[in-house]
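Data block below; observations after.
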Amino acid sequence: QVQLVESGGGLVQAGGSLRLSCAASGGTFSGYAMGWFRQAPGKEREFVAAISWTGSINYASSAKGRFTISRDNAKKMVFLQMISLKPEDTAVYYCAASGRPIATMARDRFAVDYWGKGTLVTVSS
């Protein structure tokens with residue numbers, strides 16, 4: 001069983017930056033694809049970015065050019081660097097782990113095996 005704990009959320013002005021972190025524990029990190037999803041009030045949870053064990057990356061179109069996902073396999077950590085934040089980026093951001101390919105993770109949130117509890121990002125205009 002893998003536990004995921006997010007941190008780094010908060011309140012930021014439009015145009016600002018935040019770096020989210022996700023710490024994994026309790027199970028093997030090896031081989032898992034890791035990703036970030038987000039859920040805004042009244043909306044479905046949506047894919048943001050994913051990174052494979054070997055470093056292949058997939059971004060949602062809304063994230064390309066502004067968000068950067070990375071991982072540190074030795075420390076069992078995943079990061080999401082976000083710049084040029086917009087009010088529409090306001091959401092709870094969830095860390096996710098999946099034994100499926102990142103392309104599967106990107107198109108099907110039910111491919112996720114483990115979820116964190118989320119961290120709130122609020123972008124003010």
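By convention here, the first residue in the shown sequence is residue 1. In what follows, every heavy atom counts, from backbone to side chain, and hydrogens, waters and symmetry copies are set aside.
- Under a 4.0 Å N-O distance rule, the pair K117/E6 does not qualify as a salt bridge.
- Put simply, SG on C22 and CE on M77 are 7.5 Å apart, with the number rounded to the nearest 0.5 Å.
- How far CZ of F47 is from CH2 of W36: 13.0 Å, rounded to the nearest 0.5 Å.
- Hydrophobic clustering (side-chain heavy atoms under 4.5 Å, transitive across Ile, Leu, Val, Met, Phe, Trp, Tyr) keeps F79 apart from L20.
- Here the shortest heavy-atom pairing between S124 and L11 reads CB-CD1, 4.3 Å.
- Atom CZ of R45 is surrounded by more than 12 heavy atoms from other residues, nucleotides or ligands within 6.0 Å.
- Under the 4.5 Å side-chain heavy-atom criterion for grouping Ile, Leu, Val, Met, Phe, Trp and Tyr, L120 is not connected to L4 through any hydrophobic cluster.
- At distances below 3.5 Å, not a single donor-acceptor pair connects side-chain atoms of R71 with backbone N or O atoms of A33.
- Both V2 and V78 are members of a single hydrophobic cluster when ILVMFWY side chains are connected at heavy-atom separations under 4.5 Å.
- Although no hydrogens or angles enter the test, the distance criterion places no donor-acceptor pair under 3.5 Å between the side chain of T122 and the main chain of T90.
- At least one test fails for R109 against the ring of Y94: distance under 6.0 Å to the centre or angle within 45° of the axis.
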Test side-chain contact (heavy atoms from CB on, under 4.5 Å) applied to Q81 and S17, step by step: CA-CA 8 Å; Q81 178 68 49; S17 302; 4.1 Å; yes
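- Closest heavy-atom contact between A49 and L80: CB-CD1, 4.3 Å.
- Under the 4.5 Å side-chain heavy-atom criterion for ILVMFWY residues, no single connected hydrophobic cluster contains both F37 and V121.
- S125 and P87 get closest at one heavy-atom pair: CB-CG, 3.8 Å.
- With respect to the salt-bridge test (charged N to carboxylate O, under 4.0 angstrom), the residues D108 and R100 do not qualify.
- Here the OG-CG distance, from S62 to D89, works out to 7.0 Å after rounding to the nearest 0.5 Å.
- Linking ILVMFWY residues whenever their side-chain heavy atoms come closer than 4.5 Å, directly or via other members, leaves V92 and V12 in distinct clusters.
- With D113 contributing its side chain and G99 its backbone, the two residues share a donor-acceptor pair below 3.5 Å.
- Put simply, CE on M34 and CD1 on I69 are 8.0 Å apart, with the number rounded to the nearest 0.5 Å.
- Summarising the geometry of V112 relative to A96, their closest heavy-atom pair is CG1-CB, 3.6 Å, with the distance given to 0.1 Å.
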Stepwise side-chain contact (heavy atoms from CB on, under 4.5 Å) check, E46 with R38: CA-CA 5 Å; E46 65 176 8; R38 68 185 183 185; 2.6 Å; yes
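- Atom CD1 of I102 sits about 14.5 Å away from atom CH2 of W53, to the nearest 0.5 Å.
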